[in-house]
Structure formats: C-alpha cells, structure tokens
Amino acid sequence: MNLPIPMRPHPSAADAPGDRRVGVGTAHAKAILFGEHAVVYGAPAIAVPLHQLEVETAIRPTPRAELRIESELFAGTASTAPELLRPVITAVRAALASVGSAGEHVQLRVRSAIPHGRGLGSSAAVAAAVARAAADLAGVELGPEEFHEIVQRAERVAHGNPSGIDARAVAAAGPIRFHRGRVSTTGVGAPLTFVLADSGAPGSTAEAVARVRERRTADPAGMDRAISQLSDLAEGSLLDLELGDRSALGARMLEAHELLGRLGVSTVKLDALVDAAHAAGAHGAKLTGGGLGGCVLALADSEDEAEHIALALRAAGAPRTWTTTVAAA
Ligand code: MEV
C-alpha cells in the first residue's frame, strides 16, 4: 500500500546557524472493527480510519545537543521525559536514522487530538506523524516498509509485541483488512456511521494483551475457540462491508464484544456502554482496541441516529463521544 508522505523543498543553507527548517507530518486515529486480540494470534482483523482525530508533528533542527519534546503530556528533554514518552523518543531516533539524519539534534512538537490510552492508536499515530515529519525535514521519501518499521519500533516499546495492525491503520486512508502482516483495502457498499464513546478509563494495550496470553495458557482450548470465532467474524464481515449491510455488521459487533469479554478484556463500564448503544438503536456495538478501558464503537443507521446514540452513551456515563462516517468505496 502506498503511503502519502508529505514532501516540501528546503532551503539549501540548511545547516547554517539560525536554521529555520521544519519538517511536518500528520497521522490519524484508528478503530478496530473486528479482530483485536485475535490478530495477535494470526487471525485477520478489520480497522477503519478516524480522520477527524489527528496528530500533527513538527521537527526542527536545534543547536542544543539533546532531543527536546514539546507536547500536551510533557515539555523538556528526552532524558527527563516520563516512561510514557519512550515510544515517541524511539520513533524520533528511528526516523532520523532512516532518513540519514541520525546525528541531527532536533526538537519535536506534538499536537494531538487523539486521546491517549483509549484504544484509538494514539502511540502509533504519533510515531507515524514523526516518521513523516523526519522525512519532510530531510527532503526524502520513505518507502512504505521503512515507514512501517519506524512505527513498529515505537509500538514495540509501547506494547511489547504488536501485531502491526495499528501501525498500518493509522496511515491508511480507508478501511483495511490486516492478516499476518499483510494489508489490503476493503470494499464498503454504503456509508457507515460510527459513534465512539470513551469509557472514561484508560486501557493499557500491553496489559490487555498479557491478560489474554495468561488466559490462553490457563485454558488453551476455550481461548482458541473464542479466537477462532473472532477470526470468522472478521472474515465474514468483509462481505457485509462490501454489501453495506449494517444490520449484519451490527450483529457481528455484538457477538465480537461478547467474545472479547470471554477473553477477559471487557469491563463493567464497556458492557454498559454497549448495552446503552444497542438500546438506543445502534445496529451493534463493541469495545475497540485493547479494552480494559478505552472506547466502545457503535454502528448507527444514519448520522441522525448517531446523534441520538451519542446522547444515550453520554447519559450512560461516557465523558465524550465522537461520530465518524466511513464513506462508501
Ligand atoms: C490494539 O489496538 C490491538 C491489539 O490486537 C494488539 C495488537 O494487535 O498489537 C489488542
């Protein structure tokens, strides 16, 4: 899949004191529609882009000898940054090395509308935007695999053993099917309007993945059955997506949520939000991403219906909701 990487010309006296070069990059959030967790065990998964939740990064050369970061979460040097920033620092170093600027001292600014720890791919999106900004600064084009590897390096620091779906989904313009590292686009027969609801609790993907692993060790047959059912739901959803069959997709989402609960990654709050969305007329709803907190994704029949579902989700305790429409393609 070709990834659009922003390119702009740079002044030639680039390394002069008072260097005013800047490289910029953006990426967006993602929601996993089917197959989270099962994807870690080789099952296929489907993800959709959330274009309205975007991160923007800017990288500037600096005469200071240390990487400096400015973000809503932290401002200061890399050596004093909290653990949370380690994936970002990894992304900057990997990206500079990939574009041939390993020795360059830079400062990074991050502006993100993607909530952190909500299963929406915030860490992968920041890394993707950093890779694009570094390429922009150096005036080079990163190949799709080089780009992917930078994001995966950051993701390994964030989550340990990421399947790679987040890294692909935050850079893809439309819905994707991800299977064993390979990505393809999916057909969408009718516009699909989703409501995302924040449960208000952060969820650690690393913790959730570890929990599933532990359960699988304790009950291999039961967990493998659930993983295989999640795999079938993801694979079967491709035809529903192609036909734009919201009702069939919604039924699959409810089933997937139930199975994710069996894997141990749902919470009382996530279950309550799924029920509230369904009672308010959503075709279906499920947790999305790692779970153990984070967000619920609900499928509405229309944008008007989505407003009604969002209100119901807020009344059920979601501190914030977002509505997004995946265009027919
Ligand atoms: C996280 O967005 C998705 C998980 O399946 C982890 C992964 O695929 O690396 C939970």
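Counting convention: from 1, in listed order, for ligands and their atoms alike. We count residues from 1, following the sequence as given. Not measured: the values here are computed from a predicted model.
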Distance under 4.0 Å to a non-hydrogen atom of [X]: what atoms of ligand 1 satisfy this?
X	answer
E36	5 (O)
S163	7 (C), 8 (O), 9 (O)
V39	5 (O), 8 (O)
P162	9 (O)
I165	8 (O)
I32	2 (O), 3 (C)
V40	5 (O), 6 (C), 7 (C), 8 (O)

Any pair with a residue in residues 35-75 that passes ring pair (Phe, Tyr, Trp, His ring centres under 6.0 Å), sequence neighbours left out, goes on the list, sorted by first then second residue, please.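 Passing the test, one end in residues 35-75: H28-H51.
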
Below 4.0 angstrom, N of the basic side chain to O of the carboxylate: do [X] and [Y] qualify?
X	Y	result
R60	E70	no
E141	R132	no
E255	R262	no

Do E214 and R211 pass the salt bridge (Lys or Arg N to Asp or Glu O under 4.0 Å) test, and can you show the C-alpha distance, the side-chain angles, and the key distance before you say yes or no? CA-CA 5 Å; E214 277 160 27; R211 172 167 308 187; over 6 Å; no

With no hydrogens and no angle check, do the side chains of T323 and E307 hold a donor and an acceptor under 3.5 Å apart?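 No pair is found: no donor N or O on one side chain lies under 3.5 Å from an acceptor on the other.
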
Contacts of type salt bridge (Lys or Arg N to Asp or Glu O under 4.0 Å), residue E235, not counting sequence neighbours: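 E235 satisfies salt bridge (Lys or Arg N to Asp or Glu O under 4.0 Å) with R177 once adjacent residues are dropped.
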
In this structure, does ligand 1 have an atom that sits under 4.0 Å from one of the heavy atoms of H159?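 It does not; every heavy atom stays at 4.0 Å or beyond.
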
Hey, does K30 sit under 4.0 Å from ligand 1 if you only count heavy atoms?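 Under 4.0 Å: yes for K30.
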
Verify the neighbour count for atom CZ of R182: are there more than 12 heavy atoms of other residues, nucleotides or ligands below 6.0 Å?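 No, not enclosed.
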
Considering distance alone, does some N or O of D166 sit under 3.5 Å from an N or O of ligand 1?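 Looking only at distances, the answer is yes, because the N/O contact criterion of under 3.5 Å is met.
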
Contact (N/O only, under 3.5 Å) between H37 and ligand 1: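 There is such a contact, yes.
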
